[in-house]
Protein chains: 2
Amino acid sequence: MKLKEFAKQLGLSPTTVSRALSGYPEVSEKTRKRVAEEAVRLGYRPNVNAVRLVTGRAGAIGVVMGRNGEFQFSEYMSGMAERLDSEDIDILVTPIAEQGGKDESQLHSRLATSGRVDAVIIHSPMPKDERIALLHRLGMPFLVHGRSETDVPHAWLDIDNEGAIRRATSHLIDLGHRRIAMINGRAGLTFSLHRDQGYRKALEQRGIQFDPRLVAHGHFTDELGFRFARSFLEQSPRPTAFVAGSMMTALGVYRAVRSFGLVVGRDISVIAHDDVFPYLTADNMVPSLSTTRSSLRAAGVRSADLVLQLLSGRPATEIHELWPVELILRESTGPVPHSDAIPDKAG
Amino acid sequence: MKLKEFAKQLGLSPTTVSRALSGYPEVSEKTRKRVAEEAVRLGYRPNVNAVRLVTGRAGAIGVVMGRNGEFQFSEYMSGMAERLDSEDIDILVTPIAEQGGKDESQLHSRLATSGRVDAVIIHSPMPKDERIALLHRLGMPFLVHGRSETDVPHAWLDIDNEGAIRRATSHLIDLGHRRIAMINGRAGLTFSLHRDQGYRKALEQRGIQFDPRLVAHGHFTDELGFRFARSFLEQSPRPTAFVAGSMMTALGVYRAVRSFGLVVGRDISVIAHDDVFPYLTADNMVPSLSTTRSSLRAAGVRSADLVLQLLSGRPATEIHELWPVELILRESTGPVPHSDAIPDKAG
DNA sequence: GCAGAAAGCCAAATCGTTTTAAATTTTCGA
DNA sequence: TCGAAAATTTAAAACGATTTGGCTTTCTGC
């Protein structure tokens, strides 16, 4: 059913019908109501592609998915979907072309110029992220999920990674731990840097020497969690506590600790960052895992919301949100064992 | 840069340019080459929405994402993305509206009639799935990832869930296990039914009585894995082996077994289904986990491929693919302990 | 050298909306 | 009752491509 045909059935012109449905004020309330009702009854729905052509809007938000299907991805998307449910806006997932920075820029520029999306969400930015400058230059609205140090003005939503890890590390120090290992995310990404900073600040505040041999970077996989944790535990003196970057990493750490005949929560303390997944919960781990917690799904919901605001004209420079992160203490953290305790300078 | 303008610069008509770029035969090779080169040089790219309007194609494949962001989702998507990389086709992720079957149908029908997508992929179908009849009725091409018993002809891609679980269960029986518990996926979904059938057939073949108290259904979460496994282990006599529906389920089972002071691979055998995730690998679990393995990413790649075939005219009735599933034996499966052994009828 | 076929190119119609500018009708104060 | 202002409605022009059908050239075989 086309607009023309539908309008004829109503005895109105296409113009009036279009206006009635789009909520323009120049149409009488009586007519609008009739049009709306008939549209439902006759099942008229405007052709999306025609609308898009004439309005120049794409009706979609673009998300670029990394090559290595991160497990977090679907949770965030799920949140976005929840928010966009009521709007007439789709989520366009774009395949990432090749590995390496060059192609990623090219991909974003193609996405931005293709007219397929009205806005783009950038994930896991780096401090100097060329994607940000690129999208800005192309005039494509975008939201950064995470943070960047670029001086290009842009909208962003991030969690307080630094504060989270600082508090987590501080808490471990309070428990008497002095050798605290850190298994962080991929090197070079802003959130990894922030977490590193949080870790170092906590140590600094308590006068503990930073030891680069206790820090590792990499993808959030159980495998890396295991390998890094094992290599740390082989050191002498070994660390008595771990800060793990993700739930998957924590799984690997738990296994590594066990493989040394040690017990998590007694011999070795562990805190991990938890994005709150329905399928893997910190509470159910044995022992239950202390976490820095922030709902990724909630971030997805809010991201979608902010992008909508951006599209309706709110200036990008106004949109900066930094979410606090909870620290949830459970059984995986405990006082440093006596045998491992290192006397304080004062002690 | 518009087509008209671009054509003028080349001294050609829009018609010829359009044809040259779309690979129609009515244009000389020399001209085609020149047009292609100039398009790159001048950065001309056809307006997507105009193309879509006139061709009636949407240039996107729709995927409906469940409310509870399954962790598998991104891996499958990632595979699709890999395949669609070279094509000019997007993946459109549609928020699922509300819970409950009614709204899901409505959602699919809106998606199908909205003109936003050229084809749809349906996940986790049920034997009588109304979505299939609906899309068929609406004339929207679709691929079912999984299987259904509906008599509506349709394209599908599935893995041999029944065979996989049958072999897994048979193997456990070969090892002497007689009380084998099964933690399956959500009740009512076809793949859960197939797995149930595989499980029952294996028992039947060896004359082992099916015990409904050893089977559970639910989402693939560590929590359910743990809870179900614990409740099974409280039975007397307790099961000596588990078949787990997913890696997350297996994590829960491992923990439950340990919480009883038992050892996986010695006291209790475990086999789980593994979709092959980069972030959680069966090989790295302790003990390493025996699995029925099938790459979900590969399924995503192939799904995209099949949808493309569907769109280029291959009849849906021709597209039926059933993938075999590997059985990988690792340390989590072993002979039934002597104390638990139940003498065979013959023994 | 010529007719007919094939190759290469083009003008104009089309896809289904929104929106501009103009026309019509209604309202209302004097 | 009239005329201006306000409220509705409309015809027609975009939006930017593809595609139909026709129009020129260039080959081909005799």
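When reading the values below, keep in mind they use all heavy atoms of this one structure, side chains included, and skip hydrogens, waters and symmetry mates. In what follows, every chain begins at residue 1, and chains take the letters A, B, ... in the order their sequences are listed.
- The side chain of B/Val54 lies closest to D/dA17 when the candidates are D/dA17, D/dC15, C/dT19.
- We find that NZ of A/Lys8 is positioned 16 Å from C1' of C/dT17, with the value rounded to whole Å.
- Along DNA chain C, the nucleotide closest to B/Glu29 and the one closest to B/Leu53 are compared, and the more 5′ of them pairs with B/Glu29.
- Between A/Gln9 and A/Leu42 there is a side-chain heavy-atom pair separated by less than 4.5 Å.
- One interatomic measurement links the two molecules: NZ of B/Lys4 to P of D/dG16, which rounds to 10 Å at whole-angstrom precision.
- With a 4.5 Å cut-off on side-chain heavy atoms, B/Lys128 and B/Thr150 do not count as touching.
- Taking the six-membered ring where the residue is Trp, the centroids of B/Phe71 and B/Phe277 are separated by under 6.0 Å.
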(message) Is there a ring pair (Phe, Tyr, Trp, His ring centres under 6.0 Å) between B/His108 and B/Phe142? Walk through the geometry before answering.
(response) CA-CA 11 Å; B/His108 279 82; B/Phe142 64 100; 9.5 Å; no
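- Side chain of B/Ala50, nearest nucleotide from D/dT18, D/dG16, C/dT18: D/dG16.
- In this structure, A/Thr16 reaches the D/dT10 phosphate: one of its side-chain N or O atoms is under 4.0 Å from OP1 or OP2.
- Atom CG in B/Leu10 sits roughly 10 Å away from atom P in C/dC10 (whole-Å rounding).
- When the C1' atom of C/dC9 is taken as reference, atom CD of B/Glu26 falls 10 Å away, rounded to whole Å.
- One finds no side-chain N or O of B/Tyr24 lying less than 4.0 angstrom from the OP1 or OP2 phosphate oxygen of C/dA7.
- Counting any heavy atom pair closer than 4.0 Å across all strands shown, A/Ser28 reaches sugar-phosphate atoms only and no base atom.
- As a whole-Å value, the separation of A/Lys2 NZ from C/dG16 P is 4 Å.
- One N or O donor and one acceptor, one from the side chain of B/Thr15 and one from the base of D/dT19, sit under 3.5 Å apart.
- Summary of the strand contacts: A/Thr31 and B/Arg57 both lie near DNA chain D, and taking for each the nucleotide with the nearest heavy atom, the more 5' one is attributed to A/Thr31.
- Residue A/Ser13 places no side-chain N or O under 4.0 Å from the OP1 or OP2 atom of D/dA11.
- In the set C/dC10, C/dT17, D/dT9, C/dT17 carries the atom at the smallest distance from any side-chain atom of A/Val51.
- Note on B/Glu5 versus B/Lys8: no salt bridge recorded, every NZ/NE/NH1/NH2 to OD/OE distance being 4.0 Å or above.
- The NZ-P distance, from B/Lys30 to C/dC9, rounds to 8 Å in whole Å.
- Atom CZ in A/Arg19 sits about 10 Å away from atom P in D/dT9, given to the nearest Å.
- The distance between atom CG of A/Leu12 and atom C1' of C/dT25, rounded to the nearest whole Å, is 14 Å.
- Residue B/Phe6 is out of contact with every strand shown, counting any heavy-atom pair closer than 4.0 Å.
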